[in-house]
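Below, read A as the first sequence line, B as the second, and so on, with proteins coming before strands; counting in each chain starts at 1. Keep in mind it's a predicted model, so treat the numbers as computed, not measured.
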Amino acid sequence: MKKWLGEYGMLLVLLFLCALFSLLTLKQQSATGSAAAARVAATVEKSASPSDAILVIGAAKKPSSTLAAMVKPQLEAKGLTNVSLLVGTPRDLKLLADSWSEDGAPAPKHLIISGDVESWTVLEGIRSSHPEITWTRPRERWQSDFLKGSNLVAIVDRIVVIAVIAIGMTLVILTGGIDLSVGSLIAFAAVLSTLLMKALGGLTAPSWSVWLGFLAATMACGGIGASGGFLVAQFRVAPFITTLAIMMMARGFAFLLTGGFSIYQVPDSLTWLGQGRTLGIPNTVILLMVLYTVAHLFMSQTRWGRYIYAVGGNEEAARLSGVPVKGVLIFVYLVAGLCAGFGGCIQASQLGSGAPNLGMMFELYVIAAVVVGGTSLSGGTGKIMGTLIGAFIISVIQNGMNLLGFDSYLQQVVLGAVILVAVLLDKLRQGGTGIRWLRA
Amino acid sequence: MIMKPIEQEAPLLEMRGIGKQFPGVRALTGVHLTLRRGDVLALLGENGAGKSTLIKMLGGAHEPDEGTIHLDGRAVRIRSAREAREAGIAVIYQEFNLVPAMTIRENLFLGRERTRFGWLDHDGERQLAQQWLDRLGLKIDPDTKCADFSVAQQQAVEIARALSFDARILVMDEPSAVLTDQEVTKLFAIVRDLQAEGIGIIYISHRLEEIDAIASEFLVLRDGETVAEGAVAGATREQLIEKMVGRPLEDEFPSRSIRLGPERLRVEGLSRDGVVHDVHFSVRAGEMVGVFGLVGAGRTEMMRLLAGADARDHGVVAVDGNALSLRSPREAIAAGICLLSEDRKGEGLVLMHSAVENFGLPNLKRFSKGAILQAAQEREEFSQYAQQLRLRLHSPDQRVRELSGGNQQKVVLSKWLARHADVILFDEPTRGIDVGAKFEIYQLMNTLASQGKAIVMVSSELPEILGMSDRILVMRGGRLTGEVPNDAHVTQEAILKLAMLEEVAA
């Protein structure tokens with residue numbers, strides 16, 4: 001248990017973040033559905049006389065609009081006949097409220113507001129100029145925005161590309177290397193696959209063209225990754241430089257291939273992978289589970305997994321022990337390329353198009369996920385599941401800040417700080433000179 | 001006014017009742033150590049006895065859990081390398097603290113660079129550096145890169161640096177392990193000078209003949225406790241060994257019955273440009289061949305060619321009559337040749353990984369079905385070898401970084417034994433290993449030979465070569481300068497002559 005905690009201590013950080021955001025985004029949710037509408041009608045009936053003017057306001061969006069629409073007939077069924085309905089924007093309400101004071105048209109005795117209307121600022125004005133109006137808000141249970149099913153899926157959708165690529169990056173970093181090219185390969189793969197679909201018929205292309213596009217783009221990126229790995233293994237070129245060069249070239253090719261434009265001429269089935277569901281479960285969730293299970297088993301239960309750790313731990317000792325070091329190096333960059341290419345396909349599927357400016361800076365988020373997940377940049381130690389946790393930590397932080405309405409620039413500052421703190425915590429947990437220094 | 005009698009003067013260094021607990025291990029218990037001015041105190045004990053922990057406390061790397069350290073009678077705390085240096089303590093560890101890519105001068109002044117008007121004072125540094133090197137009798141240009149020097153020379157530079165801090169207490173952890181006899185003689189001359197200056201010296205070595213030559217006092221640790229101390233003059237070598245090992249010692253080298261089989265390993269015209277030239281020899285099954293030479297004679301380089309670690313330019317290497325291509329260590333291992341490297345930390349082990357993972361590394365093919373590892377099988381076989389080799393560890397998952405030198409070497413041995421190779425190359429198999437473990441390793445080598453393996457052993461220690469080998473090869477300047485059967489007629493002088501003389505009489 002203690003050992004497990006040591007290896008997956010970051011899981012605690014992730015759970016803490018989830019708990020934190022769940023609490024911070026906890027709020028009373030607007031009621032929805034016909035039962036809620038009936039409750040509202042019953043409340044109003046108690047205090048209103050049949051002739052009272054009643055205004056039901058709903059925002060143009062669901063579920064606010066549907067609730068408002070359901071409240072009106074409910075009131076009328078209870079004998080309240082002077083009911084009007086406004087479904088629209090704050091501007092519509094403003095115009096209506098202004099008419100109350102100007103031509104002496106009577107203001108309603110009751111206001112029923114639902115859903116998003118609650119946050120309209122125009123309500124403040126009405127409240128001060130017509131203090132006599134009774135307000136009713138249909139309210140119901142407390143729930144956390146963070147824990148909503150749709151939000152949890154959004155967290156996965158946001159991170160799926162980074163998490164998939166982080167598998168390959170973990171392997172590379174375990175050997176003591178780095179791969180900066182993955183962000184550009186996202187764009188390259190997205191562009192290549194969608195161009196292929198466009199060539200095979202565009203909007204009316206058969207659905208197998210999607211899979212062919214994905215396969216071709218993933219393989220191409222794998223090839224690019226493996227060639228980089230060959231340079232690293234055979235000529236001892238620094239991985240940083242090799243992949244930096246590939247990063248520039250891949251990005252350049254993505255722009256050259258498209259002339260800088262996005263590619264929308266793709267069949268509808270492109271979006272199945274990134275947006276579809278199977279048996280009610282989002283495909284992205286299934287994908288992550290499958291890929292991470294395979295990667296985890298590979299790294300912990302196979303010979304080659306052990307070889308990768310050994311090369312990162314002590315390359316010379318590994319070589320003298322008969323480990324095919326060059327093969328291992330080429331292999332990890334091949335996997336990184338495959339993962340980046342596949343990640344690009346997922347990205348294209350999520351967006352329903354391909355564009356040469358996709359995946360900007362993604363290499364850095366991917367590296368951050370791997371390092372936050374506890375893999376050492378100097379190689380030899382780290383765990384695949386740690387990387388998954390690291391990726392989710394990043395996604396949860398971004399998502400939580402969005403829900404809390406953080407400014408997007410501020411989000412970057414916070415994310416950077418959190419990465420530093422996470423890595424620092426990890427170092428302190430492992431012990432070492434830092435702790436001595438803190439104690440002194 | 002009261003005159004203090006001179007005997008009551010506080011000792012230079014006193015460690016009282018020192019105890020230290022590490023997770024799962026009791027490293028030291030109630031150890032006392034006293035060092036007076038001009039003493040050379042030999043700190044003795046097997047690997048894992050607690051010597052390193054004790055001296056790391058002087059160097060500021062560990063703090064004692066129990067007990068106190070006194071300098072000139074005053075209690076002090078040493079919390080960092082800097083505080084140790086300021087207290088006048090210099091520790092020379094076995095691992096070098098030199099930056100290979102920097103010059104000797106830059107290394108000597110690392111962290112205390114001399115400046116003039118804010119700019120580096122190269123000339124001033126050079127002069128001082130030259131003085132320090134001269135003091136050790138080192139003929140070295142301080143502006144050469146560290147990486148260009150041999151291990152022995154780098155060690156000497158380490159000593160020069162330690163001395164340059166005007167230390168009053170000098171701690172040396174096996175300084176002689178990487179020095180040749182000549183260099184050890186020089187080192188002793190320096191130690192005696194320092195002794196005369198009143199500097200106290202703590203000297204760790206596994207070579208007991210050095211203790212006789214240089215030390216005045218001794219302290220023996222076993223399992224973290226003091227088991228004996230006193231004046232060197234009053235103790236015999238055998239007594240010291242018995243104290244260290246905790247049991248009476250038999251012969252230094254175990255005997256074996258020699259049964260030679262057919263030729264196993266044949267080497268013809270083996271060359272690598274500039275390093276190894278035209279080496280011929282052969283080893284029969286069951287034979288142990290010792291290779292002697294001074295540092296830089298090309299012994300390690302020759303072994304690396306045999307193991308496929310470096311590529312050879314010419315020559316034939318054959319095992320059981322089959323010529324091998326040996327383009328990589330992988331091919332050598334597959335052909336049944338394995339090498340126990342002299343640099344076990346740098347080349348033999350993945351220090352951050354566990355003992356069982358290190359053990360499995362060359363044997364993973366055997367421990368897997370298809371691509372899937374059979375971890376249980378791996379662990380079971382490892383525990384068999386661990387038992388056979390008397391490997392001391394808490395669990396197979398313990399990181400080898402935490403093991404003592406002898407136990408690390410046993411992990412390396414275990415991983416190669418599990419290969420069941422026909423030709424085993426030992427490069428300095430007992431370097432930095434205590435007396436008890438040495439004997440065990442010798443026994444193991446004998447067992448391997450009696451199983452019909454061909455064994456080649458490189459060693460810098462002549463007694464080891466003479467005590468273990470059936471035949472002795474001598475190298476100098478990358479060439480084989482002699483081949484001597486190890487019989488009653490052979491003398492150390494004859495072998496040294498072959499190793500050192502410019503021209504050998506034909």
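- Not one N or O on the side chain of A:Arg303 forms a donor-acceptor pair closer than 3.5 Å with the backbone of B:Leu373.
- B:Gly348 approaches A:Ala317 most closely through the heavy-atom pair C-CB, 4.1 Å.
- Proximity of A:Arg306 to B:Glu378: side-chain heavy atoms (C-beta onward) are separated by under 4.5 Å at one or more points.
- Neither the backbone nor the side chain of B:Ser328 comes within contact range of chain A, judged by heavy atoms closer than 4.5 Å.
- Taken to the nearest 0.5 Å, the CG atom of A:Leu320 stands 11.0 Å off from the CG atom of B:Leu349.
- Using a 4.5 Å cut-off between heavy atoms, B:Ala375 does not touch chain A at all.
- Ranked by heavy-atom pairs shorter than 4.5 Å toward chain A, the options B:Glu331, B:Lys415, B:Lys365 are led by B:Lys365.
- To the nearest 0.5 Å, atom CD of residue A:Glu315 and atom CD of residue B:Glu347 are 12.5 Å apart.
- Atom CZ of B:Arg419 sits about 10.0 Å away from atom OG of A:Ser321, to the nearest 0.5 Å.
- No side-chain donor-acceptor contact under 3.5 Å links A:Asn314 to the backbone of B:Leu351.
- Both the backbone and the side chain of A:Tyr309 come within contact range of chain B, each with at least one heavy atom under 4.5 Å from a heavy atom of that chain.
- With a 6.0 Å radius and a threshold of 12 heavy atoms from other residues, nucleotides or ligands, B:Arg327 has its CZ atom at or below the threshold.
- In this structure, CZ in A:Arg319 is found 13.0 Å from CZ in B:Arg330, a value given to the nearest 0.5 Å.
- Using a 4.0 Å cut-off between charged nitrogen and carboxylate oxygen, A:Glu316 and B:Arg304 count as a salt-bridge pair.
- Within a 6.0 Å radius of CD in B:Gln377, more than 12 heavy atoms belonging to other residues, nucleotides or ligands are found.
- Contacts of B:Leu339 with chain A are absent, with no heavy-atom separation under 4.5 Å from either backbone or side chain.
- A donor-acceptor pair under 3.5 Å links the side-chain atoms of B:His353 to the main chain of A:Gly380, judged by distance alone.
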